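Structure, as structure tokens:
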Amino acid sequence: MKSTILLAVAMMAAMPTLATEKTITSPDGKLVVTVSDQGGKAVYQMTYAGKTMLRESRLGLKTNIGDFTQNLTMTVKGDKEETNRYTMTRTKASSVERQVRRVELSFVNKDQLEMDVEFYVSNNDVAYRYLLARPKKNNPKCAVVYGEASSYNFPDQTTTFLSPQIQPMTGWERTKPSYEEVFSSDAPMTQKSQYGVGYTYPCLFRVGEDGWVLVSETGVSGEYVGTRLGEYQPGEGYTVAYPQEGEMNGNGTPWAAISLPGHTPWRTITVGQTLAPIAETTIPYDVVEQQYEPSENYRPGRYTWSWLIWQDGSINYEDQVKFIDTSAKMGYEYVLVDNWWDTQIGREKIEELSRYAQSKGVHLLLWYNSNGFENDAPQGPRNIMNRAIARKKEMAWMKKIGVKGIKVDFFAGDKQQTMQLYEDILSDANDYGLQVIFHGCTLPRGWERMYPNYVGSEAALASENVFFTKEHAQREGYDMTMHPFGRNAVGSFDWGGVIMNRMMSKDNKGRHQRYTSDVFEMATAITNQCSVNCVEVTPNVVDGLPQFEQDFLKQIPTTWDETRFIAGYPTKYVVLARRTGDKWLVGGLNGTNQPMTLTLSLPMMAGKTVKYYVDKKAKKGQLWPDSELRQLKIGKDGKVKVTLQPMGGMILE
């Protein structure tokens, strides 16, 4: 009898513990997330329309108060359905209303310490974040998070559209990483990243013929680090990685410090059978909250910018007057005065310039260096934006003279200290009625809703590269047809276009050419989204443009109520429709060197006769095709056929 009992106990000990499993289904039933504690690990997987989008992937944190990556048991703490409604003015949609499912799961480790995971699931989006309670044992009031087990394990047929991270303190004047590398196109997952340190968000994946997945994060403030994806590991996928130790000139740790109880930012996943959910997603804003009240009603608009084509030599009083006059002529609200204004114009003359601009109905935006000690970028003004006392004094001066915004450059990194600097600049700027643009910077992570005076960021290979090299100019079509599905899908994008110079020189005659058509450039004002939008029309070029091009450039909208994906493929072509009020505009770009005929479905324009801006077929020897404006009748079924010329575009309004 005794031996029988011992055998039964031994058999029970050898049996695997049954895993607890929770299935979370989207309101429309297509998206299914399954979470469990299989093998003592927190794991999840995801299907859409019955197809596997993520295989078994990991969840979990490693902290100084406990290990929440293994020996875990799961229970369900909450499960509810709700309607998420909000309004905002600075993104791809002004009003959001959707049904969502919120589920909170508890994972307890072998030391009886608890980590919760909160899931937010809508029809095409998943967001999750970790919550840490204050443990009763030793009652710590704070924690250090060393890293995550969080991963994304895609099916083997998946190809990638990824931008590599780069090592810290590299590049020009040691200003990288600054999210300014080139996206891959349909690359295999097994292909190593260019610099061996993973990838920056957002990360786009094509799961064969089954669909698309966009991975990013949102809700990152000064209370956490910004993360990225590490190198692909077969069978495990991509794991969330924290900042590199050398960022910020080695100052600060790569870890996150949080108060307890506390939580991490949200990891976000957007999924669809087509690219529509990717281009239209609002998940970066759905799960965050406004952090402070706006000090004034910030004004969207357009700005001209001398530096892109006229470069450093244009930062003088006389040239800036010319750009102010151009903004006034075009009906634009702003002029951006770029680096070196403190020494090449001087503060007294900037005050005079600001008065002149206001007399023309225009306001100045001023450029600043974020440094400090973080890198070697020499441009001034320096040693202001990184210090609260100097920063507030400067902002008070700007408010006094009527400056309406700042562009702050050269951050280079994602450490918590750097994220705190972003937040501090934004918060202080709001106190003085200033809007903020960031360049040489990280990806915005829900900041349009979190910080009401935030405008947009660069965080990509932006327009200055078209000026710098012929290679980048030739690749403009590739980049601009990628960003609606990547960079601009998750945050406002200060690209620094629309570039109307045909040659990359002040006189519009020398250096290398622009390889895109005029209509391509004009259409980027629709396919790109930023609430204070750069329109690169220079004083000596604008009058030479056809009148219908000038007329379009004068009435470019900058705020949108709705965005719809019409057609496209990343790095090849894109057609987006955006609505402002009751008016729809459709913009299309061809990023290839071959003509492209498309049949578009535009139900919002069904049966209407619309304006059609289009390129003619280039004649032999022409570097740029002629553009034309004509009328186009949309079918009663909303169908219409259009042709995009090589590196060309089209606009319907």
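Being a predicted model, the structure only gives us computed values, none of them experimental. No hydrogens, no waters, no symmetry mates; every other heavy atom, side chains included, goes into these values.
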Can you confirm whether [X] is buried at [atom1], in the sense that more than 12 heavy atoms of other residues, nucleotides or ligands lie under 6.0 Å from that atom?
X: K22; atom1: NZ; value: yes
X: K141; atom1: NZ; value: yes
X: E423; atom1: CD; value: yes
X: E245; atom1: CD; value: no

If you define the side chain from C-beta out and look only at heavy atoms, does anything of [X] sit under 4.5 Å from [Y]?
X: D116; Y: F107; result: no
X: P135; Y: I65; result: yes
X: D111; Y: D67; result: no
X: L598; Y: V575; result: yes
X: T23; Y: T25; result: yes
X: R98; Y: T83; result: no
X: R449; Y: Q291; result: no

For the residue pair Y238 and Y199, categorise the inter-ring angle as parallel (less than 30°), tilted (30 to 60°) or perpendicular (more than 60°). perpendicular
Should the ring pair Y454 and W447 be called parallel, tilted or perpendicular, given that the plane angle runs from 0 to 90° and is split at 30 and 60? perpendicular
Identified side chain to side chain contact (heavy atoms under 4.5 Å, CB included) counterpart of V455 within the set S492, P444, C530, P300: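 Testing V455 for a side chain to side chain contact (heavy atoms under 4.5 Å, CB included) against S492, P444, C530, P300 leaves exactly one candidate, C530.
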From the list T282, L443, T270, side chain to side chain contact (heavy atoms under 4.5 Å, CB included) partner of V490 resolves to L443
Per the ring pair (Phe, Tyr, Trp, His ring centres under 6.0 Å) rule, which among F154, Y569, F565 passes with W212? Y569
Minimum-distance pair of heavy atoms, taken over all atoms of G66 and L113: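 So the two residues come closest at CA-CD1, 4.1 Å.
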Can you see which heavy atom on G252 is nearest to which on Q417, and at what distance?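 Here G252 and Q417 meet closest at CA-OE1, 2.7 Å.
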So, the side chain of [X] versus the backbone of [Y]: is there a donor-acceptor pair under 3.5 Å, distance only?
X: E247; Y: Q244; result: yes
X: N64; Y: V144; result: yes
X: D37; Y: T20; result: yes
X: N123; Y: D28; result: yes
X: E458; Y: T442; result: no
X: T218; Y: P284; result: yes

Do the two ring centres, one from [X] and one from [Y], sit under 6.0 Å apart?
X: F485; Y: F161; value: no
X: W266; Y: Y130; value: no
X: Y128; Y: Y44; value: yes
X: F438; Y: Y422; value: yes

Per the salt bridge (charged side-chain N to carboxylate O under 4.0 Å, His left out) rule, which among K80, R267, R129 passes with E118? R129
So does [X] pair up with [Y], basic N to acidic O under 4.0 Å?
X: E236; Y: R58; result: no
X: E562; Y: R564; result: yes
X: R228; Y: D414; result: no
X: R90; Y: E448; result: no
X: R101; Y: D79; result: yes

Does a donor on one side chain and an acceptor on the other come within less than 3.5 Å for E217 and T268?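 E217 vs T268: no donor-acceptor pair found between side chains.
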